[in-house]
A.B. asks: 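Please find one structure pasted underneath; my questions will follow.
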Amino acid sequence: MNVPEMFGSMVFNDQVMKEMLPKKVYQSLQNTMIEGKALDEDVADIVAAAMKEWAVSKGATHFTHWFQPMTGITAEKHDSFLTVDKNGCVIMDFSGKELTKGEPDASSFPSGGLRATFEARGYTAWDPTSYAFIKDGTLCIPTAFCSYTGQILDKKTPLLRSMDAISDEAVKTLALFGKHVKRVNATIGAEQEYFLIDKADYSKRLDLRLTGRTLIGASAAKGQEMEDHYFGSIRPRVKAFMADLDEELWKLGITAKTEHNEVAPCQHEMAPIFDNANKATDANQLTMEMMKKVAERHGFACLLHEKPFEGINGSGKHNNWALSTDEGENLLDPGKTPKDNAQFLLFLTAVIKAVDEYQDLLRISVASAGNDHRLGANEAPPAIVSIFVGEELGTIIESIVEGKPFKGRAASSRLDIGTSVLPKLARDNSDRNRTSPFAFTGNKFEFRMPGSSFNIACTNVMLNTAVADALKAFCDELEMADDFNSSLNALIKRELEKHRRILFNGNGYSKEWEKEAERRGLSNYKRTPDALVHYCDKKNVDLFRRHNVYTKEEMESRLEISLDEYQKVIHIEAVTMVEMLKRQILPASIRYSSSLASSVHNKESIGVTANADKALCAKVSSLCDELMIKTDELDECVTAIPSDTEEAAFYAADKIIPAMEKARQLSDKLETVTDKTFWPIPTYSEILFYV
Ligand code: ADP
Ligand code: MG
């Protein structure tokens with residue numbers, strides 16, 4: 001296999017563009033891609049023609065505007081290149097207009113009330129900053145999705161806006177240090193966790209098929225306690241899947257780099273090499289789609305749900321985040337010279353301020369019914385947002401705040417920012433705190449709260465905009481300063497002091513931290529609706545308006561969509577559970593107890609003791625009785641869900657989830673006493689320890 005040759009072979013990337021486009025057109029497109037400048041209109045026709053020629057040569061017959069509506073997954077509507085020309089001949093055609101703008105019928109996508117149904121039209125607009133690619137014989141053109149009145153209906157547009165915001169502010173900040181760059185990009189590496197289970201087991205479970213997770217199921221005798229799966233040797237079948245996945249991703253220009261087993265049985269991870277936030281988001285969406293598709297081919301089902309199985313780890317997505325100039329300088333790298341150090345500390349301080357001031361937004365960006373099973377459980381970061389900087393950087397920050405000399409490994413121990421060199425920070429793994437939701441890992445931050453099924457756009461919109469805002473405040477102050485160095489020192493000291501409460505190096509899983517965080521005034525929104533209702537708080541609306549990322553109406557619509565999605569997910573889960581209990585679990589256990597009753601009857605009629613049969617029969621029967629009651633209660637509870645979206649969301653959290661838990665407990669107990677041959681669905685041990 002020639003990987004370099006295969007890599008990106010299905011992508012209309014820079015190399016292809018350079019080869020196929022006239023120099024001037026290529027240059028104009030480059031200006032758009034690198035500097036975010038508006039695209040010349042006449043350029044579009046030429047690019048479209050080249051794109052079509054390239055796509056057809058690769059066997060493509062259709063094209064689609066590929067976009068990311070508020071459902072979180074990607075959407076596409078395929079059109080063929082086929083056109084009839086003046087002479088009635090069939091030709092393959094693709095115009096600049098078709099490339100730059102599309103009109104999918106938008107009425108069925110969630111808009112949170114932004115788009116009245118009589119104004120159902122929305123349009124998609126080409127995003128030339130992410131490469132077009134071919135998937136299943138279709139040329140996919142990454143696009144943004146808006147309503148005709150200009151309101152955004154997707155996840156990509158705000159991401160692009162937030163990238164512009166942080167670029168503008170970071171460019172201004174660098175100018176203070178005498179560096180003049182054109183663009184600063186947020187860079188993202190999204191590590192993706194997932195489960196692979198046998199398709200046959202998956203097909204037999206209604207809960208997995210309809211909700212992506214198991215709603216019932218007693219724990220297997222073995223879980224992850226032996227810690228023998230993490231980085232363990234990979235099953236040959238899974239290895240074949242991973243090799244196939246790599247190949248598919250490489251063709252699409254996605255830099256799949258590492259593949260390994262994760263902590264839980266059947267859990268795995270894929271990490272790509274980082275890219276700018278827009279491309280990384282598109283790549284992650286495609287990765288999730290490809291994982292599901294390739295899994296099918298190998299007789300697997302790929303589960304991207306945050307908590308497919310109770311009692312073992314769930315899946316997340318680590319969002320590694322840094323800032324990089326168009327010249328390739330990573331602004332979160334401490335650097336070697338005093339000047340670099342000072343610059344690093346200013347950016348670091350901006351991140352600390354941003355995360356402290358907008359901890360609620362970061363929590364909101366990862367809020368979902370699925371992720372609620374993870375956050376706060378003893379496996380994933382807690383629902384409290386805090387930053388881990390490591391001991392060394394922590395000591396440095398302390399000495400800055402206290403105004404004391406730094407006693408570290410450094411040659412120079414004076415820490416007048418800008419006059420002495422920071423010690424070289426260790427970049428090894430030993431210092432890592434796995435319990436922290438937001439950890440500095442040497443030259444980037446790793447945000448670990450996102451759920452495995454999430455579109456990472458939202459998290460990065462929050463992060464980019466909040467950091468842009470902090471940088472803006474810093475620039476406004478420093479641009480006015482008479483003495484840059486002393487003002488810089490004073491600012492860093494003041495801001496670190498103000499926001500140090502967000503720094504926490506200890507065990508994020510501990511009960512003590514919850515108490516301590518409360519004392520520090522940090523927010524701790526345990527459930528999705530508790531977090532979501534803070535989305536449109538005035539400070540948040542002001543933030544996004546200040547940086548032209550969202551209008552208030554756009555935020556209100558997003559809040560409505562998120563609350564609605566939450567209550568719908570739980571509603572579907574509850575209804576699915578009722579169906580499984582009533583039509584599978586109860587009938588099976590009743591059949592079993594009835595067979596035991598016959599056995600008692602038969603045995604006693606010939607004078608043989610049947611104590612075991614009798615005891616079991618009584619036990620199964622009484623559990624069935626209880627389960628029947630709880631199932632009916634759950635059923636009634638679901639039926640009474642309020643119609644108001646926000647009320648429904650809280651009702652789902654307060655009433656439906658506890659009712660589901662009660663029914664589950666009984667069903668799981670019943671499973672442990674019911675004859676395996678009667679149990680109608682694959683059990684945890686069958687699913688997780690398949691051969
Ligand atoms: P691990 O966290 O498993 O030790 P790495 O630290 O090498 O692995 O990288 C984890 C992820 O972070 C990878 O996807 C990697 O590409 C990404 N990453 C590395 N550097 C940056 C950066 N400057 N910006 C964003 N992501 C980065
Ligand atoms: Mg990592």
Side-chain angles (χ1 to χ4, degrees), residues 7 159 162-163 166-167 170 174 181 183-194 229-232 242 245-246 249-250 252-263 267-288 291 313 315-335 340 343-344 347-348 350-351 354-355 380-381 387-390 393 425-450 452 454 456-457 459-464 467:
F7 188 82
L159 178 65
S162 76
M163 287 170 71
I166 196 157
S167 179
L174 286 175
V181 300
R183 175 96 187 163
V184 171
N185 268 318
T187 51
I188 310 295
E191 301 166 55
Q192 176 72 47
E193 291 180 338
Y194 60 97
H229 193 253
Y230 189 55
F231 280 29
M242 287 177 173
L245 177 66
D246 278 342
L249 294 178
W250 290 339
L252 289 168
I254 297 169
T255 51
K257 171 95 177 145
T258 36
E259 307 261 13
H260 61 78
N261 282 355
E262 262 298 330
V263 175
Q267 194 185 28
H268 314 281
E269 181 188 291
M270 193 289 284
I273 297 173
F274 67 95
D275 205 336
N276 80 47
N278 184 31
K279 285 198 206 156
T281 304
D282 285 358
N284 183 250
Q285 290 296 114
L286 265 178
T287 298
M288 291 193 283
M291 281 178 167
N313 275 11
S315 299
K317 181 139 52 191
H318 292 173
N319 188 81
N320 292 274
W321 182 94
L323 291 172
S324 175
T325 68
D326 53 358
E327 287 159 19
E329 181 186 355
N330 179 353
L331 302 177
L332 292 181
D333 195 317
D340 286 344
Q343 179 193 304
F344 161 72
F347 279 97
L348 177 78
V351 177
V355 173
I387 302 181
F388 168 82
V389 289
L393 196 51
L425 295 172
R427 209 183 288 172
D428 64 358
N429 291 338
S430 55
D431 199 20
R432 293 228 186 140
N433 181 332
R434 289 278 157 200
T435 65
S436 175
F438 202 93
F440 184 67
T441 53
N443 63 353
K444 61 180 159 53
F445 278 97
E446 183 172 4
F447 184 42
R448 305 191 178 121
M449 288 169 97
S452 46
F454 276 62
I456 52 171
T459 276
N460 290 304
V461 167
M462 309 294 197
L463 204 47
N464 292 344
V467 176

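When a ligand or atom number is given, it counts from 1 through the structure's own listing order.
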A.B. asks: Which of these, Phe274, Trp321, Phe445, has its nearest heavy atom closest to atom 27 (C) of ligand 1?
C.D. replies: Phe274
A.B. asks: Need the ligand 1 atom indices (1-based, order shown) with element for anything under 4.0 Å from a heavy-atom of Ile273.
C.D. replies: 16 (O)
A.B. asks: When you measure from atom 19 (C) of ligand 1 to each heavy atom in Gln192, Glu191, Lys444, which option holds the nearest one?
C.D. replies: Lys444
A.B. asks: Can you find a heavy atom in the side chain of Phe347 that is under 4.5 Å from one in the side chain of Leu332?
C.D. replies: yes
A.B. asks: Would you indicate whether the side-chain heavy atoms of Asp275 and Thr255 approach each other to under 4.5 Å?
C.D. replies: no
A.B. asks: Nearest heavy-atom pair of Glu193 and Ser452: which atoms, and what distance?
C.D. replies: O-CB, 3.6 Å
A.B. asks: At a 4.0 Å threshold, what atoms of ligand 1 neighbour a non-hydrogen atom of Asn330?
C.D. replies: 23 (N)
A.B. asks: Compare every heavy atom of Glu259 with every heavy atom of Leu245, then report the nearest pair and how far apart it is.
C.D. replies: CD2-OE2, 4.0 Å
A.B. asks: For Ala322, counting its heavy atoms only, list the atoms of ligand 1 lying under 4.0 Å from any of them.
C.D. replies: 22 (C), 23 (N), 24 (N)
A.B. asks: Please could you name the atoms of ligand 1 that Pro272 approaches to less than 4.0 Å, counting only its heavy atoms?
C.D. replies: 13 (C), 14 (O), 15 (C), 16 (O)
A.B. asks: Name the residue from Asn185, Leu159, Thr459, Ile188 that meets the side chain to side chain contact (heavy atoms under 4.5 Å, CB included) definition with Asn464.
C.D. replies: Leu159
A.B. asks: When you compare the side chain of Thr435 with that of Phe388, does any pair of heavy atoms fall below 4.5 Å?
C.D. replies: no
A.B. asks: Any N or O on Thr187 sitting closer than 3.5 Å to an N or O of ligand 1?
C.D. replies: yes
A.B. asks: Does ligand 1 have any atom that is closer than 4.0 Å to a heavy atom of Thr441?
C.D. replies: no
